[in-house]
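What follows is a single structure, written as structure tokens, with notes after it.
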Amino acid sequence: MRQRVSHKKQGKLERPRGTRDFLPEEMEKRRHVERIMRKIAESYGYREVCTPTFEHLELFTIKSGEQIVEEIYSFKDKGGRDLALRPELTAPVMRMFVNECSVMPRPLRFYYFANCFRYERPQKGRYREFWQFGVELIGSDEPESEAEVIALASRILDELGIDYELHVGHVGILRNVLRGVEDEISSKIFRLIDKGQLDELRELMLSSGLESLYNDVEAVIQAESLEDLPESAGKENVSRLKRVCELLDVYGVKYYVDTGVVRGLDYYTGIVFEVYAEGLGAQKQICGGGSYRLAHLFGGEDVPSTGFAIGFDRVMEICGLKPAEKRRVAVVHANQLEEAVKLAERLRRELPECVIVTDVMGRNLRKQLSHFSDFDFAVIVGKKEVEKGLYTLKDLKSGKQEELDFEELVNRLKSTRQGTQSI
RNA sequence: GCCCGGAUGGGGUAGAGGUUAUCCUCUGGGACUGUGGAUCCCAGGAGCCGGGUUCGAAUCCCGGUCCGGGCCCCA
């Protein structure tokens with residue numbers, strides 16, 4: 001028995017700002033994309049790790065850049081500890097490495113898929129709770145590790161059918177050009193380069209007495225090939241970038257050399273890369289990464305690492321992939337509830353790839369068929385069938401039906417793919 | 001944090017101070033207790049929140065919340 005209670009809405013409780021609910025259809029798409037990412041990362045030897053949703057606030061304030069810290073969801077727990085919801089996963093994974101994995105054979109290949117939290121103004125492709133898929137390759141300082149990580153990111157995006165641009169650079173080049181410049185001014189310079197505000201950049205450098213460096217900075221930002229880089233870029237930096245590019249060619253990755261790539265996080269030390277895609281409004285960047293050294297900040301040795309993070313929600317916005325639909329079978333009955341439930345249980349064991357559903361609303365046969373009319377098949381269980389020990393299989397797309405025993409029924413449901421073919 | 005634009009049943013909408021808020025869809029029931037999608041009938045369900053103006057507010061004004069676009073920043 002059902003009763004309708006007419007309740008006046010009294011200030012409906014809403015989702016917190018910047019968070020989302022995901023209905024089944026969307027979750028199926030998200031899980032499908034997630035599975036593809038995992039599968040590819042695993043095929044390169046990366047294994048999943050998971051770190052806590054919250055960490056000590058300090059983990060994120062040590063070396064993540066001023067701006068990130070302002071966007072952290074932080075709080076005191078009941079013991080007075082300063083904690084924070086993770087705004088990203090590179091620092092937690094490196095903390096985990098220092099805590100648990102420092103004596104494991106190198107390199108370590110980890111991947112993660114997890115939600116992160118940032119207190120920001122929500123926009124298209126930007127939420128306060130969002131998901132990142134990323135990898136960290138820990139322990140190698142060789143160009144081949146950088147090429148592998150970049151190639152992996154590129155492979156994943158290819159597999160998802162995304163149209164993107166991959167830009168590869170080296171933060172050491174600009175840093176070398178600007179060596180000797182005060183930290184405060186150089187970070188302003190980096191910010192302007194990141195924003196692409198070249199007029200303001202020129203103004204700042206001239207007013208800071210850095211006119212002698214301006215030409216080199218401009219040359220670095222606008223370099224279209226490694227040959228265009230000035231002497232002050234640093235020989236080692238340039239040859240490293242060149243080597244990574246050669247290896248990317250071996251992988252068959254398409255990329256742009258872009259020595260103006262400046263990552264927001266301060267901990268990057270060498271090769272850096274970003275991936276941009278259209279269709280996301282102001283949030284063009286869907287992936288970013290590079291080489292960094294973080295472990296020593298958490299009390300470990302100074303281990304070189306390379307990683308990337310994909311903005312999962314942004315990828316979902318522009319990825320049209322959908323999982324294959326499962327065949328849906330309704331076991332309906334005419335006053336034979338027990339028999340129908342029994343049959344449904346047997347079918348579920350035989351046909352794990354199918355969706356098998358029975359009525360739980362006490363409906364009569366007509367109502368059941370009406371309710372399940374968008375399914376692929378109905379198996380009808382009634383007195384007639386029970387007496388004969390047979391079942392009626394009805395193809396709901398074509399309307400055709402036939403009487404079968406259990407074995408035949410299973411074979412029919414197995415052999416007809418996706419319910420597109422009629423029996 | 002800043003600037004714009006929005007918010008009407010579960011979803012999509014109409015209404016531009018004046019009865020009981022429109023239509024579509026949806027959900028439940030019935031016509032029809034062993035054969036669905038059609039049709040018809042019945043039922044259910046809404047003006048984001050809080051103030052103000054007014055005889056009267058979904059409509060006008062103010063504040064807040066949330067959403068969207070942009071800035072800032074960032075993935």
Side-chain angles (χ1 to χ4, degrees), chain A residues 1-21 23 25 64-72 86-90 114-134 153 191-192 194-195 197 262-265 273-277 280-290 307-317 330 332-336 340 359 361-387 392-401:
Chain A
M1 291 300 276
R2 192 140 27 87
Q3 201 180 354
R4 253 174 212 288
V5 182
S6 165
H7 44 247
K8 279 257 155 53
K9 245 182 273 187
Q10 23 184 292
K12 225 194 296 183
L13 214 46
E14 304 285 356
R15 246 180 294 131
R17 183 164 199 202
T19 62
R20 289 156 296 161
D21 295 317
L23 294 173
E25 199 174 335
S64 286
E66 286 301 309
Q67 302 304 322
I68 295 272
V69 174
E70 286 171 22
E71 294 164 357
I72 287 177
R86 58 183 171 215
E88 52 110 23
L89 277 116
T90 298
N115 52 347
C116 302
F117 307 84
R118 290 188 196 176
Y119 191 84
E120 291 185 284
R121 163 85 171 73
Q123 266 179 59
K124 188 181 178 69
R126 173 188 282 183
Y127 306 95
R128 289 184 173 180
E129 182 186 21
F130 59 99
W131 274 258
Q132 284 195 338
F133 181 94
R191 192 157 303 162
L192 290 174
D194 195 23
K195 282 190 271 188
Q197 298 179 344
V262 181
R263 308 248 49 231
L265 297 169
F273 65 101
E274 296 187 337
V275 180
Y276 314 103
L280 284 162
Q283 276 65 238
K284 281 185 175 17
Q285 196 185 323
I286 56 171
C287 174
F308 70 74
I310 290 176
F312 185 79
D313 305 279
R314 293 185 185 176
V315 166
M316 288 311 300
E317 292 262 347
V332 300
H333 66 90
N335 292 318
Q336 300 292 329
D359 173 58
M361 297 284 286
R363 287 189 247 239
N364 63 35
L365 180 62
R366 175 189 299 282
K367 287 286 172 194
Q368 291 175 51
L369 284 167
S370 169
H371 178 76
F372 293 118
S373 63
D374 63 335
F375 272 46
D376 300 298
F377 293 95
V379 179
I380 301 170
V381 181
K383 222 178 207 159
K384 278 191 315 207
E385 285 83 358
V386 172
E387 280 165 5
T392 299
L393 176 65
K394 183 181 180 81
D395 182 327
L396 291 168
K397 302 288 185 241
S398 69
K400 291 180 194 158
Q401 60 185 57

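The base of A75(B) does not come close enough to the side chain of Glu71(A) for any donor and acceptor atom to sit less than 3.5 Å apart. Evaluation of atom-type donor-acceptor distances gives a pair under 3.5 Å for the side chain of Arg126(A) against the base of C73(B). Interface remark: the Glu385(A) side chain does form a donor-acceptor pair with the G34(B) base, using a distance-only criterion of under 3.5 Å.
Applying the 4.0 Å criterion to OP1 and OP2 of G28(B), one finds that Arg363(A) has a side-chain N or O inside that range. Using a 4.0 Å cut-off, some side-chain N or O of Arg366(A) falls inside it from OP1 or OP2 of G36(B).
Nucleotide A75(B) has no partner under the Watson-Crick or G-U criteria, as no pair reaches both atom distances under 3.5 Å. Of the nucleotides present, C42(B) is the one that pairs with G28(B) by Watson-Crick or G-U wobble criteria, both distances under 3.5 Å. The pairing partner recorded for A58(B) is none, the criterion being a Watson-Crick or G-U wobble arrangement whose two distances lie under 3.5 angstrom. A21(B) makes up no base pair with any nucleotide shown, lacking Watson-Crick or G-U wobble contacts both under 3.5 Å. Pairing of A16(B), defined by two Watson-Crick or G-U wobble distances under 3.5 Å, is not identified with any nucleotide. Pairing of G37(B), defined by two Watson-Crick or G-U wobble distances under 3.5 Å, is not identified with any nucleotide. Here G5(B) sits opposite C67(B) as a Watson-Crick or G-U wobble pair (both hydrogen-bonding atom distances under 3.5 Å).
By the side chain to side chain donor-acceptor pair (under 3.5 Å) test, Tyr119(A) pairs with no residue at all, sequence neighbours left out.
Among the heavy atoms of the strands lying under 4.0 Å from Arg17(A) are primed sugar atoms or P, OP1, OP2 only; no base atom is included. Contacts of Gln336(A) with the nucleic acid, taken as non-hydrogen atoms under 4.0 Å apart, are absent. Here Tyr127(A) lies in heavy-atom contact (under 4.0 Å) with a base. Among the heavy atoms of the strands lying under 4.0 Å from Gly18(A) are primed sugar atoms or P, OP1, OP2 only; no base atom is included. If you check every strand for non-hydrogen atoms under 4.0 Å, Gln368(A) touches nothing. Residue Phe130(A) is classed as a base contact, given a heavy-atom separation below 4.0 Å to a base.
Out of G36(B), G29(B), G69(B), the shortest distance to the side chain of Lys367(A) is found at G29(B). Relative to the side chain of Arg121(A), the nucleotides C3(B), U35(B), A75(B) differ in distance, and C3(B) lies closest. Closest to the side chain of Arg118(A), out of C67(B), C74(B), G36(B), is C74(B). In the set G69(B), G34(B), G36(B), G69(B) carries the atom at the smallest distance from any side-chain atom of Lys124(A).
The salt bridge (Lys or Arg N to Asp or Glu O under 4.0 Å) contacts involving residues 362-371 of chain A comprise Asp359(A)-Arg363(A), where partners must be two or more places apart or lie in separate chains.
Nucleotide G47(B) is shown with a syn base, its glycosidic torsion being within 90° of 0.
The CZ-C1' distance, from Phe377(A) to U35(B), rounds to 16 Å in whole Å. Across the protein-nucleic acid pair, Arg128(A) atom CZ and G68(B) atom P stand 12 Å apart, rounded to whole Å. One interatomic measurement links the two molecules: CZ of Arg15(A) to C1' of C48(B), which rounds to 13 Å at whole-angstrom precision.
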- Working for side-chain contact (heavy atoms from CB on, under 4.5 Å), residues Leu396(A) and Ser373(A): CA-CA 7 Å; Leu396(A) 291 168; Ser373(A) 63; over 6 Å; no
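Glu129(A) has no carboxylate O lying under 4.0 Å from a charged side-chain N of Arg20(A), or vice versa, which leaves the two without a salt bridge.
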